[in-house]
Amino acid sequence: MKVEEYIIEDGSNPYKKWFDSLTSQAAAKVTVAKARLERGNISGIKWFGGIGEYRIDWGPGYRIYLAYDNKNQIVLFGGGTKKKQQSDITAAKKLFKAYKQRKQKKR
């Protein structure tokens, strides 16, 4: 499965910004989770409103927010922790909406 990070039109990358803020241990856990997604292991994802939440049961409860672009491609929109879950979900939904609109314009 292809996993890519969403790049906003201004060139910023919300997933990378979040990932770069992590401690080395947390970054290692997230890297393992991303590798699992690339191998097609999507069983740990909770879906709601087109957005997926990949839960990492470690530390403060890290999450990766993503969506399917097609059957073989996942787009990463960002991440967070259980504590900020609701605001992270809202942000991911906005990014996903912008992603879909941008993709529609290209057609």
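Side-chain contact between Tyr99 and Gln104: absent, with no pair of heavy atoms (C-beta onward) separated by less than 4.5 Å. Annotation: side chain of Lys34 is in contact with side chain of Glu5 (closest heavy-atom distance under 4.5 Å). Using a 4.5 Å heavy-atom cutoff, the side chains of Ile56 and Val32 are not in contact. Using a 4.5 Å heavy-atom threshold, the side chains of Phe19 and Thr31 count as touching. Contact check for Leu66 versus Ile45: side-chain heavy atoms found under the 4.5 Å cut-off. Counting heavy atoms from C-beta on, the side chains of Leu95 and Tyr65 never come closer than 4.5 Å. Between Leu76 and Glu4, every side-chain heavy-atom pair lies at or beyond the 4.5 Å cut-off. Asp88 has its side chain out of reach of Glu53: every pair of non-hydrogen atoms, C-beta onward, lies at least 4.5 Å apart.
Nearest heavy-atom pair, Ile8 versus Arg102, reported as atom, atom and distance to 0.1 Å: C-NH1, 3.4 Å. Taking both residues in full, the closest heavy atoms of Ala67 and Gly50 are given as CB-O, 3.6 Å, listed atom of the first, atom of the second, then distance. Nearest heavy atom pair, residue Met1 against residue Leu37, reads CB-O, 3.6 Å. Closest approach of Ala33 and Ile64 over heavy atoms only: CB-CD1, 4.0 Å. For the residue pair Ala92 and Ile51, the shortest heavy atom distance occurs at O-CD1, 3.7 Å.
A cation-pi arrangement is absent between Lys94 and Phe96, since the terminal nitrogen or guanidinium carbon is not both under 6.0 Å from the aromatic centre and inside a 45° cone about the axis.
With a 6.0 Å radius and a threshold of 12 heavy atoms from other residues, nucleotides or ligands, Asp57 has its CG atom at or below the threshold. Environment of NZ in Lys82: sparse, with no more than 12 heavy atoms of neighbouring residues, nucleotides or ligands closer than 6.0 Å.
With sequence neighbours left out, Lys17 forms a side chain to side chain contact (heavy atoms under 4.5 Å, CB included) with no residue at all. With sequence neighbours excluded, the residues satisfying salt bridge (charged side-chain N to carboxylate O under 4.0 Å, His left out) with Asp20 are Lys16.
Atom-to-atom distance recorded for Arg55:CZ and Gln85:CD is 6.5 Å, nearest 0.5 angstrom.
Salt bridge status for Lys2 with Asp69: absent, with no side-chain N to carboxylate O gap under 4.0 Å.
The hydrophobic cluster containing Tyr15 also contains Tyr68, counting ILVMFWY residues as joined when their side-chain heavy atoms lie under 4.5 angstrom apart, directly or transitively.
Two rings, from Trp47 and Tyr54, have their centers 6.0 Å or more apart.
Relative ring orientation between Phe77 and Tyr6 is described as tilted, the plane-to-plane angle lying within the 30° to 60° band.
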